[in-house]
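To find a chain, count down the sequence lines: A is the first, B the second, and so on, and within it residues start at 1. As the structure is a prediction and not an experimental result, all values here were calculated from the model.
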Protein chains: 2
Amino acid sequence: MADLWEVISDSNRRQLVQLLGQGEKTVTQLSAHFPVSRSAISQHLLFLVDVGLIRARKEGRNRYYSLNPEGVSKLQGLFERFWTNELDLLVAEAEQLHHNKGEM
Amino acid sequence: MADLWEVISDSNRRQLVQLLGQGEKTVTQLSAHFPVSRSAISQHLLFLVDVGLIRARKEGRNRYYSLNPEGVSKLQGLFERFWTNELDLLVAEAEQLHHNKGEM
DNA sequence: CGAATGCGTTAGCGTACGCTAACCTATTCA
DNA sequence: TGAATAGGTTAGCGTACGCTAACGCATTCG
């Protein structure tokens with residue numbers, strides 16, 4: 001199966017996730033936000049379904065896509081496991097550096 | 001310039017970031033953790049330097065790589081901006097689903 | 001000094017990715 | 001019933017990616 005990390009390596013896919021965060025949408029509605037073809041968006045959506053991040057509901061001739069809470073949760077899990085305590089410490093360090101700069 | 005998102009789209013690069021979270025390391029030390037060639041690791045490191053996530057310090061014939069706090073901070077910023085409130089709500093929803101399952 | 005070590009550089013290879021174009025199916029509407 | 005709409009499917013294209021192999025350049029050590 002495809003890698004969940006791959007989802008967010010592509011800019012269009014990230015934006016699709018964001019758009020679907022607002023609620024379910026059809027392919028045509030989603031496509032309207034992108035310069036690429038509807039086919040390209042459709043392929044991205046199928047990929048997102050494949051990795052379990054979204055799901056589809058059919059109604060008439062429309063297909064409504066929406067985020068799958070379990071998939072979103074899994075994605076968050078990936079992030080959390082990647083973002084170790086050491087990295088957090090470094091971020092705190094960076095903020096302190098900026099703080100000092102601001103005071104000089 | 002290269003995209004910071006690209007950093008984490010590759011498994012080896014993610015692991016490099018994790019390893020460097022433990023402290024500065026040479027190319028050879030890092031390479032020891034991977035099945036690919038030292039050259040491949042070197043190229044990944046140069047890429048990470050390019051996007052500002054790590055930096056190098058030369059000492060004798062060794063080059064010590066370490067995380068750049070500012071770069072790490074930027075990466076965290078990307079994550080945070082991507083992870084909208086809507087996604088958080090969905091994760092809470094997913095957890096509630098699991099909770100209910102566990103109680104049944 | 002010459003050998004060995006650490007590391008960057010480059011060319012080139014295989015492959016996967018993102019996309020378009022063209023086509024096909026299912027559903028709705030006049 | 002036929003046209004229009006929504007959307008999945010497939011072939012194929014260009015390109016970028018990750019990697020190896022071979023080499024070059026410092027630096028250290030015997």
Side-chain angles (χ1 to χ4, degrees), chain A residues 1-20 22-68 75 78 82, chain B residues 1-20 22-68 75 78 82:
Chain A
M1 201 179 88
D3 187 4
L4 199 48
W5 277 110
E6 233 182 291
V7 169
I8 52 166
S9 69
D10 180 72
S11 158
N12 286 341
R13 276 196 295 267
R14 286 196 301 273
Q15 202 182 335
L16 278 173
V17 172
Q18 310 258 18
L19 286 170
L20 289 175
Q22 305 169 2
E24 64 175 13
K25 287 185 169 41
T26 69
V27 180
T28 316
Q29 284 176 338
L30 291 168
S31 298
H33 294 84
F34 298 88
V36 303
S37 73
R38 184 190 49 76
S39 172
I41 297 300
S42 183
Q43 287 173 54
H44 280 308
L45 289 169
L46 293 178
F47 172 77
L48 291 175
V49 167
D50 197 46
V51 298
L53 195 62
I54 70 174
R55 48 187 170 194
R57 178 177 66 82
K58 208 180 164 186
E59 185 183 314
R61 47 185 171 181
N62 294 318
R63 272 174 82 84
Y64 288 92
Y65 282 96
S66 59
L67 290 176
N68 177 3
L75 186 60
L78 281 188
F82 171 75
Chain B
M1 199 179 91
D3 186 5
L4 199 49
W5 278 110
E6 234 183 291
V7 168
I8 50 166
S9 70
D10 180 72
S11 157
N12 287 341
R13 276 198 295 268
R14 287 195 301 272
Q15 203 182 334
L16 279 173
V17 172
Q18 310 260 17
L19 286 170
L20 289 175
Q22 305 168 4
E24 62 174 14
K25 288 187 169 38
T26 68
V27 181
T28 316
Q29 284 174 338
L30 291 168
S31 298
H33 294 84
F34 298 88
V36 302
S37 74
R38 184 190 49 75
S39 171
I41 297 300
S42 184
Q43 288 174 52
H44 280 307
L45 289 170
L46 292 178
F47 171 78
L48 292 175
V49 167
D50 196 46
V51 297
L53 196 62
I54 69 173
R55 48 189 172 195
R57 179 176 65 84
K58 207 180 163 187
E59 186 183 313
R61 47 185 170 180
N62 295 319
R63 272 175 82 83
Y64 289 92
Y65 282 97
S66 58
L67 290 177
N68 176 2
L75 186 59
L78 282 188
F82 170 74

Euclidean distance, B/T28 OG1 relative to B/N62 CG, rounded to 0.5 Å: 7.0 Å

Separation between CG of A/L46 and OH of A/Y65, rounded to the nearest 0.5 Å: 5.0 Å

Gap between atoms CG and C1', on B/D10 and D/dA16 respectively (whole Å): 13 Å

Rounded interatomic separation in angstrom, taking CG from B/L48 and P from D/dC17: 14 Å

Distance in angstrom units between A/R57 CZ and D/dG8 P, rounded: 14 Å

Per-nucleotide protein contact string for nucleotides 3-12 of chain C (B base, S sugar-phosphate only, - none; heavy atom under 4.0 Å): -BBSBBBB--

Value in whole Å for how far the C1' atom of D/dG18 lies from CD1 of B/I8: 17 Å

Length of the CG-C1' vector between B/D3 and D/dC17, whole Å: 14 Å

From CA spacing to verdict: side chain to side chain contact (heavy atoms under 4.5 Å, CB included), B/V51, B/W5: CA-CA 10 Å; B/V51 297; B/W5 278 110; over 6 Å; no

Distance, rounded to the nearest Å, where A/I41 contributes CD1 and C/dC19 contributes P: 7 Å

Donor-acceptor side-chain pairing of A/S11 and A/Q15 below 3.5 angstrom: no

Separation of D/dG18 P from A/E6 CD (nearest whole Å): 11 Å

N/O (side chain, A/H44) to phosphate O (OP1/OP2, C/dC17) under 4.0 Å: no

Side chain to side chain, B/L16 and B/F47, heavy atoms closer than 4.5 Å: no

Main-chain N/O of A/G52 paired with A/N68 side-chain donor or acceptor, under 3.5 Å: yes

Earlier contact from the 5' end, DNA chain C, for A/G60 and A/N12: A/N12

Whole angstrom value for the distance that separates P of D/dT10 from CZ of A/F47: 18 Å

